[in-house]
Each structure stands twice: as structure tokens, then as C-alpha cells.
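Down below is the structure, laid out as C-alpha cells.
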Number of protein chains: 2
Amino acid sequence: MLPMPGQAPPSVTGYALLGLLSLRGEMSGYGLKQLADRTLRFFWVAPAMSHVYSELERLRTAGLVAQTVANRGGRRLRRYSLSERGERVLKAWLSAGQVEFPVLKHEVVLRLFLGHLTGPDRPLQVLDAYRLQLNGRIEELRAIRGRLGTDPHFQYPAMVAEWGIRLYQEELASVEQVGSALVEADP
Amino acid sequence: MLPMPGQAPPSVTGYALLGLLSLRGEMSGYGLKQLADRTLRFFWVAPAMSHVYSELERLRTAGLVAQTVANRGGRRLRRYSLSERGERVLKAWLSAGQVEFPVLKHEVVLRLFLGHLTGPDRPLQVLDAYRLQLNGRIEELRAIRGRLGTDPHFQYPAMVAEWGIRLYQEELASVEQVGSALVEADP
DNA sequence: CACCGATATTCCTGTTAGGAATAGGTGGAT
DNA sequence: ATCCACCTATTCCTAACAGGAATATCGGTG
């Protein structure tokens, strides 16, 4: 028996896109993708282009985003914005529902986990490369944090940026610690 | 022009399953799923049953796992094990390739990010619930770490367990810090 | 021996990821 | 002015992944 899909609730990514629209107002699918790459990427996902468009279409069908179509030149430009209904639904989701424990897809740790197949040198190399990436990530986040300034409109994104900086600094410390353990475990 | 798929390399999850087989030897799809739920889940994914079986079938077709079929009673039991070719391919992957930066899907942070829609109280509630979940996770990992003991065969999994304990303890500290920031930001 | 829970496999559907193809617009160099 | 490179914008296609339901056997307990 089909559970009558009809109006399945948005996925978390759907809610996240609604949230971006609530922060920034009307924008194109492309613009939304750019924004997601600068924000959601750090704590959720960087949705694929195709994913953004298909999700917007689903949200539009559900009446959660409004679409305006303009013709600029020989070209059809669509802008999306949060509808009133969308805002209500988004707030309801934020205020309810049980929150999933974070999911981590951590290839560095996977390679450490399988260290018995390579010996400790390879995980050490991987950790070294990871250290560089982490420093880059921290710089990125510091730049973002700086741009957000003290504008109260962006106080929550600012907290998120600070959370990220802290997280990655702690990852650096973990890299050191695991590195020491690997060196000691060396035959 | 098609890039001649023919023999597409395994996905990271595919390699992870090969790695589990290398740690534990022959096992059923079901057993592999159980094992993944006790290991991979913490730093990669908990693959769905269907995903484990479809992945095993793909790996078998690619000659990376061997399948033995026994008839126990009226029942067909399949066991999977890492083939020699599979071990070579897995080691080659571990020794090469550029390592992706970790991906984090963190609903707690997403809700913090959208705090402008709810005000600070709701993120504070969410953080409280998260604190409980974190303590549970830490206990789980401590139990696993304990079971792994000092057996050198499991020294890398042990390092991973220790990494996880550290990570979640640091998350607890971040929860405290964000909590303070939220209380201060309260109007 | 009837039942329950763990083991084991298969199927089906929907969602997400990722890449490539297409095309108009904009700004700079020649 | 025109060509090119890059940015904006949308669409399409395929594979990976998630999740649940259906099925069936086995092992033990009351």
C-alpha cells in the first residue's frame, strides 16, 4: 500500500535551501548554488547544481518557494524566493523534530583505520597533507568570519564560522596526537 | 564520448568494505553490514543493507571479492572474502590518490546557522539535546576502545576509537562555548 | 512445538551526487 | 569591432546511496 506521498516533507537539504533564501532573499538557482558553496558547504553539503534545481522545483511544487520568470534578452531568467508558506514550514521544522546526530565522512580516518595494510608511513603522509588542507580551511573561515563583522543580521552565521574555526583547530591538534601515536607504533 | 566505463573503480564505500573484509576475513553480506554499523559508522557511513549487497555484487564482478556459496539446509548462504586482486587494488588505493577533505553533515550547526528565524532559545535547546547524544557516543566509543585492548592486530582501529573520543569531547567543549555566545547574544 | 529474535537475501522506489552539455552575457585584449 | 575567455544560468543523464518492505531459515526458550 502506498503511503500516499502527495506532499512529502522537504529533505534537510531542502530546508537548508529555504534557510538560505530567508537570509538573502530572491535569487537564481545558480546564485543559490554559489551561496551554498560559501556557507552550507562547511557544515552540511555543497549540493550539486542539478540537485539545487531539482530541489527548487520540488519546493516550488510544494508551494514553499515562489518563482518569478523574467525575459532578459533571448533568455529566460528565473528567480526564487521564500513564500510565506515556506517561511512558516521552515520555522516549524526548526522548532520541532528531533535532530540527527552529525554524520562524518572522513577519508583521512578511514585510511588510518586501514593502516594494517600499509604500515604507519602512509597514514603519516596522509595526515601531513591533511594538516595543509586544514590550515587552508581555517584561513577561509577566518576570512568569512572577518567579512561577517558584527552585523547582527549575520550573528548566527558568525557563530557558525567561529565554531568551524575551533573545530578545525582541534582537528589540527588531533592530527598531532595521532601522528605521535603512529610514530610510537612504528616497529 | 563515453570514457569506456567497463571497469569503473570502486567508490570509497567499496574500498571501505574491502578493508573490513581484510580485517575480518570471510563473512556474509549481513555480517558485513553488522560490522560496518560497529566501525564505519563512526567515521564514514552506515551503508544500507541493500547498499552492502549491491556493492558486494559490483566488487565481485570486478574480481575484487570472492564469493563462496554453501547450501545449508534449504538455504543458500553466500560468504564473501577479499580476493588477491582485491587486496592489491585496495593497497594501491590506500597508497595513492588524493584524499578528500572530510564532509560533515551537522544538523545542529545548520539549526544554529538559521537562528535568526527562531531566536537563541531554540538553538540552546538543540545544543542541550546534542550534549546528551555526545555523552552517549563517547561512552560507546570508550566501550569499543576497551574491547580492542592492546592487540596489535587492532592497533589502528584503536587509534581511530581514540580519535573519536577526543573529537566528541571537543564537540562538548564547543557546545559550551556556543551556548555562552547564545546567552550573551540574547536581547 | 509454537513462537521470537537473529541471520540472511532480495526487491523496489526515491533521493542525492556529479559531470557534462548547452547557451547567452560581459568584459578585456587586439 | 570582434574574438575569446570567463561568468551566469539551465538542463539532462547516470551512478551512488538511503530506506523500507517482503521473504525465509535458523536457533533457542517457554
Side-chain angles (χ1 to χ4, degrees), chain A residues 1-17 26-38 40-41 44-62 67-80 100-101 103 105 107, chain B residues 1-17 26-38 40-41 44-62 67-80 100-101 103 105 107:
Chain A
M1 175 59 92
L2 289 174
M4 185 52 185
Q7 212 71 320
S11 64
V12 177
T13 300
Y15 287 117
L17 294 180
E26 194 178 64
M27 58 199 315
S28 69
Y30 183 84
L32 198 52
K33 158 71 174 161
Q34 305 297 101
L35 180 56
D37 284 347
R38 278 178 286 123
L40 285 191
R41 169 168 65 105
W44 189 248
V45 285
M49 212 55 262
S50 54
H51 189 193
V52 170
Y53 279 98
S54 60
E55 194 65 44
L56 280 172
E57 182 51 26
R58 209 173 312 149
L59 294 169
R60 193 187 61 73
T61 305
Q67 188 191 58
T68 65
V69 183
N71 267 28
R72 174 108 173 267
R75 185 186 204 173
R76 200 175 34 171
L77 296 185
R78 300 165 200 272
R79 306 269 138 179
Y80 299 88
E100 285 304 304
F101 197 81
V103 172
K105 296 185 76 166
E107 227 182 283
Chain B
M1 174 58 92
L2 291 173
M4 186 50 186
Q7 211 70 320
S11 64
V12 177
T13 300
Y15 286 117
L17 294 180
E26 194 178 61
M27 58 200 314
S28 69
Y30 182 83
L32 198 51
K33 159 69 175 160
Q34 304 297 100
L35 181 57
D37 284 347
R38 278 179 286 126
L40 285 192
R41 168 169 66 103
W44 190 247
V45 283
M49 214 53 267
S50 55
H51 189 193
V52 170
Y53 278 98
S54 61
E55 194 65 44
L56 280 171
E57 182 51 27
R58 209 173 311 149
L59 293 169
R60 194 189 61 73
T61 306
Q67 188 191 56
T68 64
V69 183
N71 267 28
R72 176 112 172 260
R75 181 183 204 178
R76 201 175 33 174
L77 295 186
R78 299 163 198 275
R79 306 269 136 180
Y80 299 87
E100 285 305 304
F101 196 82
V103 171
K105 296 184 78 166
E107 228 183 284

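By convention in this document, chain letters (A, B, ...) are assigned in the order of the sequence lines, proteins followed by strands, and residues within each chain are numbered from 1. The figures here come from the full heavy-atom set of this structure, side chains too, leaving out hydrogens, waters and symmetry mates. Model, not experiment: these values are computed from the prediction.
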H51(B) side, atom NE2; L56(B) side, atom CG - distance, nearest 0.5 Å: 10.0 Å

Length of the CG-C1' vector between L56(B) and dA16(D), whole Å: 15 Å

Candidate nucleotides dT8(D), dT7(C), dA17(C), ranked by approach to the side chain of Y30(A) - the nearest: dT8(D)

D37(A) CG - dT8(D) C1' separation (whole Å): 14 Å

Length of the line joining L32(B):CG and dT7(C):C1', which is rounded to integer Å: 14 Å

Contact summary for V103(B) and W44(A), nearest pair of heavy atoms: CG1-O, 4.1 Å

Integer-rounded Å distance: dA8(C) P and M27(B) CE: 9 Å

S28(A) side chain, from C-beta outward: closest of dT10(D), dT8(D), dA17(C): dT10(D)

Distance in angstrom units between Q34(B) CD and dA6(C) P, rounded: 10 Å

d(CG, L77(A); P, dA23(C)) in whole Å: 16 Å

Separation between CZ of R79(B) and CE of M27(B), rounded to the nearest 0.5 Å: 8.5 Å

Sequence-aligned protein contact record of nucleotides 10-15 of chain C, with B where the base is within under 4.0 Å of a protein heavy atom and S where only the sugar-phosphate is: BBB---

Atom-to-atom span, CD of Q67(B) to C1' of dT9(C) - whole angstrom: 11 Å

E26(B) CD - dA8(C) P separation (whole Å): 12 Å

Heavy-atom closest pair, residues Y15(A) and P9(A): OH-CB, 4.1 Å

Steps toward side chain to side chain contact (heavy atoms under 4.5 Å, CB included) verdict (Q34(A), Y30(A)): CA-CA 6 Å; Q34(A) 305 297 101; Y30(A) 183 84; 3.8 Å; yes

Residue pair V52(B) / G29(B): nearest heavy atoms and the distance that separates them: CG1-O, 3.7 Å

